[in-house]
Amino acid sequence: MKKINITETVLRDANQSLVATRMPFSDFEDILETIDNAGYYSIECWGGATFDSCLRYLNEDPWERLRKIRAKVKKTPLQMLFRGQNILGYRHYPDDVVRKFVAQAAYNGMDIFRLFDAVNDFRNIQVALDEVLKQKAHAQGCICYTTSPIHNLESYAKMGKELENMGVHSLCIKDMAGIMGPQEAYDLVKTLKETIKIPVYVHTHSTTGLGPITYFKAIEAGCDGIDCAISSFGGGTSQPATETMNYSLKQAGYETGLNEKTLKEINDFFRPVKAKYVSSGLLDAFVMGIETDALVYQVPGGMLSNLIAQLKAQNAINKLDEVLEEIPHVRKDLGYPPLVTPMSQMVGVQSTLNVLTGERYKSVTKEVRSYLKGEYGKAPGELNPDLVKQVLGDEKPITTRFADTLEPQFDKVREQLKGIAQSDEDVLSYIAFPQIAEKFFKEREESKAVKVTYSIEKV
Ligand code: CO
C-alpha cells in the first residue's frame, strides 16, 4: 500500500490565503498538541507572510511563535516556506543574512525548508540550500508552476533535474494559483518521476475548484505527498480539505497515516475560529468560493485577496475586472514570470497602476525597474524590449546573481542594534523588516515597563 504524505497548512498557507495571515498564536495554541497527534507528515507553520504579519499586525515575535509551536509539537516535523534569496521579504538579502536566517530557524526548531525562487532561477536558492544541508535539515526545492508559451514538460523536467543535481532531498511542484489541471498534473508528475529519483510533492490551491482532482491524478502518476488544510480552513483560495483527501485516498487503497477522529477534533476546534473571522469581516466570502476566472488570469489565492483589499482601500473595487485583465499583459511584458511572491505583488501593483493611471507604464514601480535590471534573476522568457528601453534607457542589465553584488550585512547591523536587539533573531527580524521590527522592539520594551510598574504597585 503506497503511503501518501500529507502536510497540514492551516497555520501558514490556509491562514495566509483566507485571512491575510492575521491568525494570532492564541487562536491555535490550544490545538497544537492534537495536530501533533494526527499523523501528518509535516505541519507548515512558518515562513511566507507569517513572519511579516506577526510583527506588523499581530504584535508577536515570529521567532517566539516558532519556539512556542515547537514546544507543543514534539513529534511532527515543522515546515516553512522560504523564498530563496528573498528569505521572507520582498528583496534580495546578502548571503550571510540568508545563511544566518536558515541557521537560526533550524536552531529554533524548523525541520523542513521548502525553498523557491519566484522566477525559477535556482541560483537564488543555492545559498539557502547549502545552509539547510549544513544544518542537517530537510531541503525541498520547488518548481513554481505556471502556464505560458515557454513553459512545457521538457522545461519542467530540466528544472527537476537541475534541482536534484543541486542536492535537494525532495521536490515540490508549487501551483500557487490553483491553475494546474488534473491531466497537466498527471503528465508533469509522471515526467518528473521518470526523470528524477527524489520524492515529488504537489502543492495547489482550491481557488479554481481543480485542487482535489488535480491531487488525485498527481497521486495516480506517482506523487509522494500533498498539502491540505483542515476542512473549516480548506477550499476556496486555500488548500483542498484534509479530511476529503484522506477519505478519498484511503478508499482508493492508499495509506495516509492520518487518524480520522483526531482530524475531527482539529476541525471542531477551528470551526468557531472561522466563524469569528467571518463575523469580524476578516474572512471574506469571496475567497471561500470557486473562482474559475483564475484559469484565465492565473491569479493566486493570496494575490486575489490582496488585490481586493488594495482596491477597496483606494475606493476602486469596481476596477477589479480591468485589473485582472491587465495582469496577463504585464506578465507577458515581463517574460512570463510565475505569479508568486514577490512577482505576484509586483505584477499586481503594476497592473493596478496601469489601470488606475489610465495608461500602461505611465508610472513604473521601483520593483519592476529592478526586475528589468535583472536584480530578481533571469526572467523565464523574453522581456518586452520597448519596456526595457523605456525604463532602463542606456543602463545595462546585470546577468550575474544579484546577491553577488551585496555586501555582508549581519555583523554590521548587530553592532548598530546594540542595546535595542536582544538576540540574533531580533537582528534578523530587523534586517527583514527594519521599520516594523523597530516599532515592535519599542512596544515590547514599553509593555515590559508596564509589567514592572504593575508588579511594584502590587507589592
Ligand atoms: Co500556496
Side-chain angles (χ1 to χ4, degrees), residues 13-23 48-49 52-53 56-58 89-91 118 146 176-179 205-209 236-238 277-372 376 384 386-387 390-391 433 435-436:
D13 204 350
N15 174 11
Q16 185 169 332
S17 300
L18 294 181
V19 293
T21 340
R22 301 291 203 279
M23 192 190 290
D52 184 355
S53 187
R56 196 186 296 265
Y57 304 110
L58 301 171
Y90 309 99
R91 61 185 175 88
T146 190
M176 49 283 157
I179 50 158
H205 290 252
S206 280
T207 320
T208 60
T237 57
S238 175
Y277 297 160
V278 169
S279 59
S280 74
L282 183 57
L283 179 51
D284 194 312
F286 192 84
V287 297
M288 290 306 299
I290 290 176
E291 180 45 80
T292 48
D293 279 357
L295 294 174
V296 180
Y297 302 123
Q298 300 207 339
V299 176
M303 181 176 174
L304 200 57
S305 56
N306 272 333
L307 269 181
I308 292 167
Q310 276 167 24
L311 288 171
K312 270 185 184 164
Q314 297 181 58
N315 271 325
I317 191 68
N318 58 326
K319 299 277 187 191
L320 180 63
D321 279 346
E322 269 178 78
V323 172
L324 286 172
E325 271 170 47
E326 180 63 10
I327 286 171
H329 290 280
V330 172
R331 204 172 149 244
K332 179 167 186 279
D333 290 338
L334 299 185
Y336 299 106
L339 291 180
V340 60
T341 305
M343 294 315 300
S344 47
Q345 284 80 354
M346 198 189 291
V347 172
V349 171
Q350 188 60 52
S351 303
T352 307
L353 268 177
N354 286 0
V355 169
L356 295 187
T357 61
E359 190 188 323
R360 200 168 275 167
Y361 307 117
K362 187 177 182 186
S363 164
V364 171
T365 65
K366 198 171 93 240
E367 288 77 16
V368 168
R369 203 191 132 74
S370 306
Y371 175 83
L372 295 172
Y376 286 82
N384 177 343
D386 294 336
L387 178 63
Q390 181 203 321
V391 175
F433 303 105
Q435 286 96 2
I436 55 167

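Scope of the values below: all heavy atoms of this structure, side chains included, with no hydrogens, waters or symmetry mates. This chain uses plain numbering: 1 for the first residue, then up along the sequence. Being a predicted model, the structure only gives us computed values, none of them experimental.
The CD atom of E291 sits 9.5 Å away from atom OG1 of T208, with the distance rounded to the nearest 0.5 Å. Of the inter-residue distances, the one linking T207 atom OG1 with I179 atom CD1 reads 10.0 Å to the nearest 0.5 angstrom. The CE atom of M23 sits 8.0 Å away from the CG atom of L18 when rounded to the nearest 0.5 Å.
In terms of the side chain to side chain donor-acceptor pair (under 3.5 Å) criterion, residue partners of R56 (sequence neighbours excluded) are, by chain and number, D52.
A cation-pi contact, defined as under 6.0 Å to the ring centre and within 45° of the axis, links R22 to Y57.
At least one side-chain heavy atom of M176 sits under 4.5 Å from a side-chain heavy atom of P338. Using a 4.5 Å heavy-atom threshold, the side chains of I308 and L320 count as touching.
Of all the heavy atoms in E325 and H329, the pair that sits closest is O-CD2, 3.3 Å. For the pair S238 and A14, the tightest heavy-atom approach, listed with the atom from each and the gap, is OG-CB, 3.3 Å. Across L356 and A316, no two heavy atoms sit closer than the pair CD2-CB, 4.1 Å.
With Y371 contributing its side chain and L334 its backbone, the two residues share a donor-acceptor pair below 3.5 Å. Counting only distance, with no hydrogens or angles, the side chain of Q16 and the backbone of A49 share a donor-acceptor pair below 3.5 Å. At least one donor-acceptor pair under 3.5 Å links the side chain of H205 to the backbone N or O of T237.
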Give every donor-acceptor pair under 3.5 Å between a side-chain atom in residues 346-354 and any protein atom, sequence neighbours left out.
residue	atom	partner	partner atom	Å
Q350	OE1	T365	N	3.0
Q350	NE2	N354	OD1	2.9
Q350	NE2	S363	O	2.9
S351	OG	V347	O	2.7
T352	OG1	G348	O	2.7
N354	OD1	Y361	N	3.0
N354	ND2	E326	OE2	2.9

